[in-house]
2 protein chains.
Amino acid sequence: MNIQDPAQPIFRALADPTRRAILAMLASGDRPIGDIAAKFDMTRPAVAKHLAILKEGDLISVEAIGRERINKLNPAALKTAQDWLNHFDHFWDDRLSKLKQAVEEKK
Amino acid sequence: MNIQDPAQPIFRALADPTRRAILAMLASGDRPIGDIAAKFDMTRPAVAKHLAILKEGDLISVEAIGRERINKLNPAALKTAQDWLNHFDHFWDDRLSKLKQAVEEKK
DNA sequence: TTTATATGAAACCTTTTGGTGTTATGTCAA
DNA sequence: TTGACATAACACCAAAAGGTTTCATATAAA
């Protein structure tokens, strides 16, 4: 099927619970890495790796201000994941209509 | 944050491109493992492992018919992932309104 | 200028992941 | 009953993931 899948770095980034928690945290405000790392039970370098993976998927962007690097959520990339999932809605509708049809025929 | 995340097995399953391709394939019809494995450039045991992970995330169900085991898509689990992503829509709206506000103030 | 702060980067380790090949089991068909 | 088929189950392996500690660098503040 799709060898080169543009959604791959996004779904890869979303696969880890820490990274999803970071995204949720950034939804309530831009934050530097130190702030983020303080909320988790792991070292800062570990959080830095997670941020790097989120950045690879373009789920966040980073802006350097002085010696701080502010991490910001980029909702556009999340939309790519939503779009992929939305394709299954047609399937969902089909199932429902087939079920309805089956019920009709039983009557 | 959430240590026990119910969405975890789902996002974990979605992280692999082969598994996403399998889901897309099952959207067009229920299939036994042999059919699925034939479409990919890997051995059947490898595909079987992918199916096991999809089943752990409850993204598919399996029905044994004779010596075949038919794999079926379960769209309900996909909805869990959609719901998680949809929470960011509020953020998206906020960003837009803030942008609009900033533009207004510039006038 | 010196010191503290915020971060990046490298080297390393363990577990998980995604694949392989081989063998075993249950079912259909001749 | 015998043979072919569809699949499960195992043991194994290399690479990636997720973490650690240690060290280096740039900026702010005293």
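The chains referred to below are lettered A, B, ... by the order of the sequence lines, with proteins before strands, and numbering in each begins at 1. What's counted below: heavy atoms across the whole structure, side chains too, no hydrogens, waters or symmetry copies.
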With [X], which residues qualify under salt bridge (Lys or Arg N to Asp or Glu O under 4.0 Å), at least two apart?
{"X": "B:Glu63", "value": "B:Lys72"}
{"X": "B:Asp83", "value": "B:Lys79"}
{"X": "A:Arg69", "value": "none"}

Output the rounded distance in Å from CZ (B:Arg31) to P (D:dA6). 16 Å
In whole Å, what is the span from the CG atom of B:Asp35 to the C1' atom of D:dT7? 13 Å
Protein and nucleotides 3-5 of chain C: nitrogen or oxygen contacts under 3.5 angstrom:
from: C:dT5; atom 1: O2; to: A:Arg67; atom 2: NH1; distance (Å): 2.9

Taken in chain and number order and not counting sequence neighbours, the residues that satisfy side chain to side chain donor-acceptor pair (under 3.5 Å) with B:Arg19 are B:His50
Looking at residues at least two apart in the chain, or sitting in another chain, which of them share a side chain to side chain donor-acceptor pair (under 3.5 Å) with B:Asp35? none
Can you give one letter per nucleotide of nucleotides 14-25 of chain D, 5' to 3': B if a protein heavy atom sits under 4.0 Å from the base, S if only from the sugar-phosphate, - if neither? ---SSBBB----
Can you run down the ring-ring contact (aromatic ring centres under 6.0 Å, His included) pairs that involve residues 8-38 of chain B, sequence neighbours left out, and say none if there aren't any? B:Phe11-B:Trp84
Tell me which pairs pass salt bridge (Lys or Arg N to Asp or Glu O under 4.0 Å) where either residue lies in residues 53-62 of chain B, with sequence neighbours left out. B:Arg12-B:Glu56
Is the shortest side-chain N/O distance from A:Arg69 to OP1 or OP2 of C:dA6 below 4.0 Å? no
Please step through side chain to side chain contact (heavy atoms under 4.5 Å, CB included) for the pair A:Asp89 and B:Leu78, ending with a clear verdict. CA-CA 9 Å; A:Asp89 287 347; B:Leu78 284 170; over 6 Å; no
